[in-house]
Undergrad: 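First, the structure itself, so that you have it in front of you.
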Protein chains: 2
Amino acid sequence: MPDGAPKKPSRIQMRNRSLILDAALDVFSAHGYRGATLDQIAEAAGLSKPNILYYFAGKEEIHVTLLSQLMETWLDPLVEMDADGDPMSELLAYVQRKLDMSRDLPRESRLFAVEILQGAPRMLPHLQTDLKPLFDDKCAVIQGWMEAGKLAQIDPRHLMFTIWSTTQHYADFDAQIQILSGDDPMQGARLHLETLFRRLLTPQTS
Amino acid sequence: MPDGAPKKPSRIQMRNRSLILDAALDVFSAHGYRGATLDQIAEAAGLSKPNILYYFAGKEEIHVTLLSQLMETWLDPLVEMDADGDPMSELLAYVQRKLDMSRDLPRESRLFAVEILQGAPRMLPHLQTDLKPLFDDKCAVIQGWMEAGKLAQIDPRHLMFTIWSTTQHYADFDAQIQILSGDDPMQGARLHLETLFRRLLTPQTS
DNA sequence: TCGTAGCTTTACCAATTGGTCAAAAAGCGA
DNA sequence: TCGCTTTTTGACCAATTGGTAAAGCTACGA
């Protein structure tokens with residue numbers, strides 16, 4: 001029995017674990033951590049509650065697993081922003097990738113939002129170790145672009161906040177947007193944000 | 001016993017009801033409706049649980065009362081936007097008022113956010129009857145300003161979404177911002193948003 | 001000062017919660 | 001097919017939940 005061998009998971013394990021995580025994503029993103037119940041998750045997954053606890057040690061482990069997986073997905077669009085590419089194209093492409101995520105992964109966006117809203121009790125370490133260095137790095141890249149005259153001057157950190165808030169808003173506040181928006185909001189959002197950030201970032205040759 | 005007389009509330013009633021609502025704002029904004037418990041609210045208010053239920057019929061009534069009161073406060077900055085004022089000043093002032101609310105009333109902002117995030121189950125009627133007409137009205141005003149050449153052209157509805165998301169972000173995602181922001185974020189936000197919306201809305205005389 | 005309306009508390013529900021356990025069932029390699 | 005591991009289940013538990021009932025306390029006008 002070599003101690004480090006984690007024993008590859010069976011097909012059943014793979015299937016049920018992802019069944020559970022998918023159900024948990026539904027429930028946690030809709031009710032927050034405290035508002036979610038194992039019974040809801042079990043029913044949504046089509047499994048019995050004790051069976052859920054056969055695959056995960058407890059409610060918290062499910063939540064933490066979900067958040068850890070999400071962190072990667074969430075940072076990916078920012079990682080892809082290339083310091084050597086064309087500044088305006090890179091930033092606009094980043095905005096579009098973030099907007100795509102709001103459209104394609106609204107549950108994940110809400111899970112993230114509700115966690116931060118509640119003070120990020122289970123995610124502060126992740127934010128410190130994963131997000132913070134990446135954020136500082138990319139802000140420096142943007143600062144460099146601005147100093148090179150490729151983009152209009154603006155505080156890079158607040159620029160990032162603006163990108164995040166405007167794009168994620170379409171997932172997180174969907175209920176409100178559905179009420180106020182006439183036609184398909186997402187198509188309009190695409191054009192709107194493209195215009196917004198182009199006007200904001202186009203350098204003025206005085 | 002004249003039936004329509006609601007009998008003015010005593011001083012004790014006034015004090016305890018507002019004590020409860022303030023405590024409930026803490027708890028609901030931090031955990032959402034399902035995640036909040038009457039015991040938490042009772043402890044935060046410094047009253048016993050049965051005493052809480054003497055003033056409110058139940059958990060839901062507390063929540064609904066809170067949301068109803070909030071709706072007024074929340075719409076007020078938009079109501080104040082004057083169709084007869086200077087367009088650019090009016091819009092920039094609106095942005096600053098919204099940002100002030102994020103700084104001064106972060107709990108209220110989060111209560112609103114968490115309610116919308118979870119599908120606005122207890123607020124859809126309010127949004128329909130209170131927010132929607134006001135929103136349509138103000139969008140028409142902005143549209144008029146743009147057609148008069150006072151502001152650069154952009155979809156007024158998405159402009160409103162952008163104002164809401166960028167300003168409320170500083171209250172709702174405070175936990176994240178604290179990690180990523182060096183100095184006081186609010187002062188930076190003020191300047192950033194002023195620049196942002198000025199660049200976005202300044203008409204280009206081609 | 002006393003009575004009564006308004007306020008508060010103690011004791012208590014029934015339902016739901018996260019979680020346990022042992023036994024049953026289902027897979028599955030030989 | 002056998003025998004063993006993995007998976008699933010039903011019964012159960014202590015703690016917490018929203019809420020109730022009734023008794024006790026307090027303020028305050030007559």
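Numbers restart at 1 for each chain; the letters A, B, ... are given by sequence-line order, proteins then strands. Note that this is a predicted model, so its numbers are computed, not measured.
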Undergrad: Establish, for the pair A:Arg17 and A:Phe56, whether the NZ or CZ atom is under 6.0 angstrom from the six-membered ring centre and no further than 45 degrees off its axis.
TA: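 A:Arg17 over A:Phe56 ring: yes.
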Undergrad: Using a heavy-atom cut-off of 4.0 Å across all strands, would you classify B:Tyr55 as base, sugar-phosphate, or nothing?
TA: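 Since only primed, P, OP1 and OP2 atoms lie under 4.0 Å of B:Tyr55, the category is sugar-phosphate.
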Undergrad: Would you classify B:Ala42 as touching base, sugar-phosphate or nothing, given that sugar-phosphate means primed atoms plus P, OP1 and OP2, and contacts are heavy atoms under 4.0 Å?
TA: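 No contact at all - B:Ala42 keeps every heavy atom at 4.0 Å or more from the nucleic acid.
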Undergrad: Return the value, rounded to whole Å, for the distance between atom NE2 of A:His31 and atom P of D:dT17.
TA: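 Result: 18 Å.
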Undergrad: By nearest heavy atom, map A:Ile52 and A:Arg34 onto DNA chain D; which one lands nearer the 5' end?
TA: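 Closer to the 5' end of DNA chain D: A:Ile52.
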Undergrad: Looking only at side-chain N and O atoms, does B:Asn16 come under 4.0 Å of OP1 or OP2 in C:dT8?
TA: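 The answer is yes; a side-chain N or O of B:Asn16 sits under 4.0 Å from OP1 or OP2.
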Undergrad: Do the side-chain N and O atoms of A:Asp174 and A:Gln178 include a donor-acceptor pair separated by under 3.5 angstrom?
TA: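 Result is yes, a qualifying pair exists.
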Undergrad: In whole Å, what is the span from the NZ atom of A:Lys49 to the P atom of D:dA11?
TA: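 Atom NZ in A:Lys49 sits about 14 Å away from atom P in D:dA11.
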Undergrad: Would you kindly give the CD1-to-P distance between A:Ile12 and D:dT9, to the nearest whole Å?
TA: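 It is 12 Å, rounded to the nearest whole Å.
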Undergrad: To the nearest Å, how far apart are A:Gln40 CD and C:dT16 P?
TA: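 So the CD-P distance, A:Gln40 to C:dT16, works out to 12 Å.
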Undergrad: Quick one: A:Asp39 CG to C:dG19 P, roughly how many Å, whole number?
TA: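 The distance from CG of A:Asp39 to P of C:dG19 comes to 11 Å, rounded to the nearest Å.
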Undergrad: Using a 4.5 Å cut-off on heavy atoms from C-beta on, say whether the side chain of A:Gln40 contacts that of A:Asp26.
TA: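 Result no, sub-4.5 Å side-chain heavy-atom pair not found.
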Undergrad: Between A:Glu60 and B:Pro50, just flag the one whose closest nucleotide in DNA chain C comes earlier from the 5' side.
TA: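 On the 5' side of the pair lies B:Pro50.
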Undergrad: More 5' along DNA chain C: B:Ser48 or A:Leu53, using each one's nearest nucleotide?
TA: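 Between the two, 5'-proximity favours B:Ser48.
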Undergrad: Does the pair B:Asp100 and B:Arg190 meet the rule for a side-chain contact (heavy atoms from CB on, under 4.5 Å), with working shown?
TA: CA-CA 9 Å; B:Asp100 288 341; B:Arg190 182 168 295 277; 2.6 Å; yes
Undergrad: May I ask you to verify if any side-chain N or O of A:Tyr54 is less than 4.0 angstrom from the OP1 or OP2 atom of D:dT8?
TA: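 For A:Tyr54, the contact criterion (side-chain N or O under 4.0 Å from OP1 or OP2 of D:dT8) is not met.
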Undergrad: Can you see whether A:Tyr33 has A:Lys59 sitting over its ring - NZ or CZ less than 6.0 Å from the centre and within 45° of the normal?
TA: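 Checked: cation-pi criterion met.
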Undergrad: Round to a whole Å and report the spacing from CD1 of A:Ile20 to P of D:dT7.
TA: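 These atoms are roughly 11 Å apart.
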Undergrad: Do any side-chain nitrogens or oxygens of A:Gln13 fall under 4.0 Å of OP1 or OP2 in D:dT7?
TA: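 A:Gln13 to D:dT7 OP1/OP2: side-chain N or O found under 4.0 Å.
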Undergrad: Mind calculating the distance between CE (A:Met14) and C1' (D:dT7) to the nearest angstrom?
TA: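 Whole-Å distance recorded here is 17 Å.
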Undergrad: Mind calculating the distance between CG (A:Leu19) and P (D:dT8) to the nearest angstrom?
TA: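 Interatomic distance, CG of A:Leu19 to P of D:dT8: 10 Å.
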Undergrad: Check every atom of C:dT8, C:dG19, D:dT8 against the side chain of A:Lys59 and return the nucleotide holding the closest atom.
TA: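 Between C:dT8, C:dG19, D:dT8, the one nearest the side chain of A:Lys59 would be C:dG19.
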Undergrad: Have a look at A:Arg11 and say if it touches a base, only the backbone sugar-phosphate, or nothing, with a 4.0 Å heavy-atom cut-off.
TA: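 Contact class for A:Arg11: none.
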Undergrad: Please classify the nucleic acid contact of B:Leu38 as base, sugar-phosphate, or nothing, using heavy-atom distances under 4.0 Å.
TA: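 Since only primed, P, OP1 and OP2 atoms lie under 4.0 Å of B:Leu38, the category is sugar-phosphate.
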Undergrad: Once you apply a heavy-atom cut-off of 4.0 Å, does B:Thr37 come out as touching a base, just sugar-phosphate, or nothing?
TA: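 Result for B:Thr37 = sugar-phosphate.
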Undergrad: Would you say a side-chain N or O of A:Asn51 is under 4.0 Å from OP1 or OP2 of D:dT9?
TA: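 For D:dT9, OP1/OP2 do have a side-chain N/O of A:Asn51 under 4.0 Å.
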Undergrad: Out of the candidates A:Phe135, A:Tyr94, A:Trp74, only one should pair with A:Trp164 under the ring pair (Phe, Tyr, Trp, His ring centres under 6.0 Å) rule; please name it.
TA: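 Exactly one option meets the ring pair (Phe, Tyr, Trp, His ring centres under 6.0 Å) with A:Trp164, and it is A:Phe135.
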